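Presented below is the structure to which this report refers.
Side-chain atoms are counted along with the backbone in the values below, which use heavy atoms only and exclude waters and symmetry mates. This is a predicted model, so every value here is computed, not measured. Letters A, B, ... mirror the listed sequences (proteins, then strands); counts begin at 1.
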Protein chains: 2
Amino acid sequence: MTNQEFTELLHNRSLKATAPRLALLNALHEYKSAMPYSAIQSKLSPIDRVTLYRTLESLMKKGVIHKAHQEGSDIFYAFCGHSCSIEQHQHNHVHFKCKSCDTVTCEEPKRSLHISLPGYDIQKVSISIEGICKDCITA
Amino acid sequence: MTNQEFTELLHNRSLKATAPRLALLNALHEYKSAMPYSAIQSKLSPIDRVTLYRTLESLMKKGVIHKAHQEGSDIFYAFCGHSCSIEQHQHNHVHFKCKSCDTVTCEEPKRSLHISLPGYDIQKVSISIEGICKDCITA
DNA sequence: ATCTTATTGCAACATTGTTGCATTTAGGGT
DNA sequence: ACCCTAAATGCAACAATGTTGCAATAAGAT
Ligand SMILES: [Mn+2]
Ligand SMILES: [Mn+2]
Ligand SMILES: [Zn+2]
Ligand SMILES: [Zn+2]
């Protein structure tokens, strides 16, 4: 992803292509897997804390990024897929955190799981999984 | 649940039956659904913040309570079932947060869902659901 | 090049997490 | 009923993150 493309992405969502936003998008892009808040802050340092806070907020609100994991103290952020837009987030995937390498990734489960709670109106499902990732098992 | 029973519960887990712990257990018990941190703090006020922190930690470690919801800023706590012990937490239920009444409850889904991620070793699954609860729909 | 509005940067404050240490207390042993 | 000791509390102190207001700045439309 080039800086030019990120700029388009932001403009499509009525967001100005500012330095902090491009820095964040580049950081997330390079990081490959979901990026913990602490790593984002280090990478973008010396960014103003409030600016980072609002940058994350606006990008989340516009369906560009999403929180991928929030057990533990460090919150992980990841890019949304094409299914997410300014109107709504649409995530059918799960979030996997490896206890060995501490990496958080967005994964598509083989069988799409259907949760049934009779009498309830289910609007959003978040699934966080912990275990050992493929790479750490093979290695 | 009487105070006497709570004392036994604590002793079974090698924990002393102190005032802060009994206060917490009583608060959780009265609250019925999962209790947000802020409500716990108000209810137990004026409890020392550190004591509350360590009380929650120790009770979680010994399988007496667990975090029921941690999207949002307020973390919800709830009693563990009989399946949880000093050795390990064993939760097969999901956590439902009602967008209307803001209540968080532990729910047993009808079909037990099986998540399949080939190549990965799944050790723990946390499912958080948001929507409208049974009571709010009926009302 | 100018203008307008979104965005930033800073100050300031709030909440929660976390550790160290001295003091208190629960509960087992006598 | 009284000791004793380990466990637990209370307080100080610091760190990290969330959150708002406001003045200064800069992006992008004209
Ligand atoms: Mn994801
Ligand atoms: Mn639960
Ligand atoms: Zn791994
Ligand atoms: Zn409800």
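Separating the CD1 atom in A:Ile127 from the CG atom in A:Asn92 is a distance of 9.5 Å, to the nearest 0.5 Å. To the nearest 0.5 angstrom, A:His114 atom NE2 is 7.0 Å from A:Ile122 atom CD1.
Nearest to the side-chain atoms of A:Val50 among the listed nucleotides C:dT8, D:dA12, C:dC10 stands C:dC10. Considering only the side chain of B:Lys16, C:dT25 comes nearest among C:dT25, D:dT19, D:dT9. Of the candidates D:dT17, C:dG17, D:dG10, the closest approach to any side-chain atom of B:Ile75 belongs to C:dG17. With D:dG28, C:dG20, C:dT8 as the choices, the nucleotide that has an atom nearest any side-chain atom of A:Ala17 turns out to be D:dG28. Considering only the side chain of A:Thr18, C:dT7 comes nearest among C:dT7, D:dC11, D:dG28.
We find that CG of A:Leu22 is positioned 9 Å from P of D:dG28, with the value rounded to whole Å. One atom, CG of A:Asp74, and another, P of C:dG17, lie 15 Å apart when rounded to the nearest Å. One atom, CG of A:Asp48, and another, C1' of D:dT19, lie 13 Å apart when rounded to the nearest Å. When the P atom of C:dT16 is taken as reference, atom CZ of B:Arg49 falls 8 Å away, rounded to whole Å. Residue B:Phe6 contributes atom CZ, which lies 19 Å from atom C1' of C:dA26 at whole-angstrom precision. Remark: P of D:dA16 and OH of A:Tyr37 are 11 Å apart, rounded to the nearest angstrom. For the pair A:Glu57 CD and C:dA6 C1', the computed distance is 16 Å after rounding to whole Å. Here D:dA8 presents its P atom at 14 Å from CZ of B:Arg13, a figure rounded to the nearest Å.
For C:dG9, the base has a donor-acceptor partner in the side chain of A:Arg54 [N/O atoms by modelled type, under 3.5 angstrom].
Within 6.0 Å of NZ in A:Lys99 there are more than 12 heavy atoms belonging to other residues, nucleotides or ligands.
Residue A:Ala19 is classed as having no contact, given no heavy-atom separation below 4.0 Å to the nucleic acid.
Although no hydrogens or angles enter the test, the distance criterion places a donor-acceptor pair under 3.5 Å between the side chain of A:Asp74 and the main chain of A:Ser38.
Dashed line: the shortest gap from a side-chain N or O of A:Arg21 to OP1 or OP2 of C:dT7 is under 4.0 Å. Close to C:dG17, at under 4.0 Å from its OP1 or OP2, lies no side-chain N or O of A:Ser73. A close approach under 4.0 Å does occur between a side-chain nitrogen or oxygen of A:Tyr53 and OP1 or OP2 of D:dT19. An OP1 or OP2 oxygen of D:dT17 is reached within less than 4.0 angstrom by a side-chain nitrogen or oxygen of A:Gln41.
Side-chain atoms of B:Thr2 and B:Gln4 form no donor-acceptor pair, as typed in the model, at a separation below 3.5 Å.
Residues A:Ile47 and B:Thr7 both approach DNA chain C. Their nearest nucleotides, taken by heavy-atom distance, put A:Ile47 toward the 5′ side.
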